[in-house]
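Numbers restart at 1 for each chain; the letters A, B, ... are given by sequence-line order, proteins then strands. Just so it is clear, the model here is predicted, and its values are computed rather than measured.
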Amino acid sequence: MATDSWALAVDEQEAAVKSMSSLQIKEEKVKADTNGVIKTNTTAEKTDEEEKEDRAAQSLLNKLIRSNLVDNTNQVEVLQRDPSSPLYSVKSFEELRLKPQLLQGVYAMGFNRPSKIQENALPMMLAEPPQNLIAQSQSGTGKTAAFVLAMLSRVEPADRYPQCLCLSPTYELALQTGKVIEQMGKFHPELKLAYAVRGNKLERGQKVSEQIVIGTPGTVLDWCSKLKFIDPKKIKVFVLDEADVMIATQGHQDQSIRIQRMLPRNCQMLLFSATFEDSVWKFAQKVVPDPNIIKLKREEETLDTIKQYYVLCNNREEKFQALCNLYGAITIAQAMVFCHDPQNSELAGSRALKGGPQVALLSGEMMVEQRAAVIERFREGKEKVLVTTNVCARGIDVEQVSVVINFDLPVDKDGNPDNETYLHRIGRTGRFGKRGLAVNMVDSKHSMNILNRIQEHFNKKIERLDTDDLDEIEKIAN
DNA sequence: AAAAAAG
């Protein structure tokens, strides 16, 4: 019997018929969901503070609504480790038999029905006994909400110690995901969330009493081992967001795996990411025992809503000039400019964008308080352009971002193209069905070569753009 | 190369 041949089917009936393989796959097409429009409540005058809260809530809502709308033609592949168990897929949240407070939280966030990935992932994640899951699907398909829901449904609010642990690759993403957890869990008054991130210090000997912990790898590792703020043996659900960077050798592998080893044997592991490079994918299957696997195929289709261009420059100086020429176009909405390192961000911000009032810098070198303030201002639209590094390449969700500029193309430490980071970076735009624009700056034979290899990898033409032709730029930006 | 630590 060939264990590696996946049975393909257009619907569940066919999948059942074709179950001769020990592994099952389900593939289906879905139609766009047309409902789910949410309106802002614009009644009487409100204080600044209230308005700020409203905006934050609205943006969170829009983000989550999106997961009900975006994945219109995607195909889902489901691979179950246990072929004898039926392949469940839910079309409503009621079918999941969630705690009433949690269901209330789900609906309060504007969810009407599960997104495509959630239809399959939720029953798998909530099954008893718990099963591990590795899931790949592009941004905006409801990954965050899916694993947040899994954590919230497993948690026992009466127990005052950490039971669910979620790791994020960056400080900013941990804050963002934490907000989703808080929102969705807000009808459980006794349920609390702790942020295990840089700058969040506890007294010696203190214990974390919050039931859910979101954090970055270094701090979480310290809290679990050296500082003993968390008893890792009591963790029931372990989530790796942006899982591929979390377990990649060049990423946070060391710390993530050390944390994983401290967890109990029966701890449920959930890995989510938009990208899994081949070797990382294999490693993921090695470190996660008996995983269920879900893939939302056709990741290249995300690129269809994003127009990609490149600008040819002769040297770095010309890149500054080109970026300067683009300023008018990119401030129509909001833009993110990605640089190779904090120094280049600094230069791009000061020299090309003149450190303008609309421009903000964000890099890992900065103090966390400052980082939190900058990302908050950018979310609120107080800054139009965020000049940053790979720290913001993944997961950061700011709806108004319509332009991504790769001031430096993404490369790994050997100087090879970093296709995964490229996809994540340009995925900061073109969301919610909106059009997005990505502009890549090329300034040498070497970087042209990198760009060509990125084109080949995604099999997508990246066209040349002349930054001296302002009419053309205006046209594209609109 | 960036990020990630109370080192």
S.K.: Taking only N and O in the side chain of Arg371(A), is any of them less than 4.0 Å away from OP1 or OP2 of dA4(B)?
M.R.: yes
S.K.: Select one nucleotide: of dA3(B), dA1(B), dA6(B), the one nearest the side-chain heavy atoms of Asp341(A).
M.R.: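 In terms of side-chain proximity for Asp341(A), the closest of dA3(B), dA1(B), dA6(B) is dA1(B).
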S.K.: Could you give the CG-to-P distance, from Asp244(A) to dA2(B), as a whole number of Å?
M.R.: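 Nearest whole value for this atom pair: 19 Å.
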S.K.: According to side-chain hydrogen bond (donor to acceptor under 3.5 Å, both in side chains), who are the partners of Asp408(A), at least two apart in sequence or on a separate chain?
M.R.: Lys319(A), Asn344(A)
S.K.: Quick one: Asp254(A) CG to dA4(B) P, roughly how many Å, whole number?
M.R.: 16 Å
S.K.: Which of these nucleotides, dA3(B), dA1(B), dA6(B), is closest to any side-chain atom of His252(A)?
M.R.: dA3(B)
S.K.: Between Asn325(A) and Gln321(A), do the side chains contain an N or O donor and an N or O acceptor separated by less than 3.5 Å?
M.R.: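 Checked: Asn325(A)/Gln321(A) side chains pair up, N/O donor to acceptor below 3.5 Å.
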S.K.: Pairs in or reaching into residues 207-231 of chain A: which pass side chain to side chain donor-acceptor pair (under 3.5 Å), with residues at least two apart or in two chains?
M.R.: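 Qualifying pairs, neighbours excluded: none.
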S.K.: Any pair with a residue in residues 374-400 of chain A that passes ring-ring contact (aromatic ring centres under 6.0 Å, His included), sequence neighbours left out, goes on the list, sorted by first then second residue, please.
M.R.: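 ring-ring contact (aromatic ring centres under 6.0 Å, His included) check on residues 374-400 of chain A returns no pairs.
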S.K.: Between P on dA2(B) and CG on Asp408(A), what's the gap in Å once rounded to a whole number?
M.R.: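 Taking CG of Asp408(A) and P of dA2(B), I get 10 Å after rounding.
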S.K.: Can you measure Asn406(A) atom CG to dA2(B) atom P for me and round it to whole angstrom units?
M.R.: 16 Å
S.K.: Between Thr170(A) and Lys226(A), who's closer to the 5' end of DNA chain B by nearest nucleotide?
M.R.: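 Its nucleotide being nearer the 5' end, the pick is Thr170(A).
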S.K.: Salt bridge (Lys or Arg N to Asp or Glu O under 4.0 Å) with Asp244(A): which residues, sequence neighbours excluded?
M.R.: Arg394(A)
S.K.: Between dA4(B) atom P and Leu167(A) atom CG, what is the distance in whole Å?
M.R.: 13 Å
S.K.: Who pairs with Phe272(A) by ring-ring contact (aromatic ring centres under 6.0 Å, His included), at least two apart in sequence or on another chain?
M.R.: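 Phe272(A): ring-ring contact (aromatic ring centres under 6.0 Å, His included) contacts with Phe147(A).
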S.K.: Of the residues in residues 212-222 of chain A, which ones touch DNA chain B at a heavy-atom distance under 4.0 Å?
M.R.: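 Residues of residues 212-222 of chain A under 4.0 Å from DNA chain B: Thr216(A), Gly218(A), Thr219(A), Asp222(A).
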S.K.: Short of 4.0 Å, heavy atom to strand atom, which residues of residues 195-203 of chain A count as contacting DNA chain B?
M.R.: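 Per residue number, the list reads Arg198(A), Gly199(A), Asn200(A), Lys201(A), Leu202(A).
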S.K.: Give the nucleotide from the list dA6(B), dA3(B), dA1(B) with an atom nearest to the side chain of Pro342(A).
M.R.: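 Closest nucleotide among those given: dA3(B).
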S.K.: Is the shortest distance from a Lys or Arg side-chain nitrogen in Lys179(A) or Glu376(A) to a carboxylate oxygen in the other one below 4.0 Å?
M.R.: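 Looking at Lys179(A) and Glu376(A), the cut-off is met.
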S.K.: Ignoring the backbone of Phe229(A), work out which of dA6(B), dA1(B), dA3(B) is nearest its side chain.
M.R.: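 Among the listed nucleotides, the one closest to the side chain of Phe229(A) is dA6(B).
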S.K.: Holding to side-chain contact (heavy atoms from CB on, under 4.5 Å), I want the full list of residues that pass it with Pro162(A), two or more places apart in sequence or in another chain.
M.R.: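 Pro162(A) satisfies side-chain contact (heavy atoms from CB on, under 4.5 Å) with Val208(A), Val213(A), Ile230(A), Ile235(A) once adjacent residues are dropped.
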S.K.: Could you tell me whether the side chain of Asn132(A) reaches within less than 4.5 Å of the side chain of Leu270(A), counting heavy atoms only?
M.R.: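 The answer is no; the side chains never approach within 4.5 Å.
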S.K.: Using whole Å, what does the distance between atom C1' of nucleotide dA4(B) and atom CG of Asp241(A) come to?
M.R.: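 Taking CG of Asp241(A) and C1' of dA4(B), I get 15 Å after rounding.
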S.K.: Select one nucleotide: of dA3(B), dA4(B), dA1(B), the one nearest the side-chain heavy atoms of Tyr171(A).
M.R.: dA4(B)
S.K.: Grab the CD-P distance between Glu365(A) and dA4(B) for me, whole Å please.
M.R.: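 Rounded to the whole Å, the gap is 11 Å.
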S.K.: Sequence neighbours left out, what passes side-chain hydrogen bond (donor to acceptor under 3.5 Å, both in side chains) with Gln268(A)? Give chain and number order.
M.R.: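 So Gln268(A) forms a side-chain hydrogen bond (donor to acceptor under 3.5 Å, both in side chains) with Arg154(A).
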S.K.: Provide, to the nearest angstrom, the distance between the CD atom belonging to Glu346(A) and the P atom belonging to dA2(B).
M.R.: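 Whole-Å distance recorded here is 14 Å.
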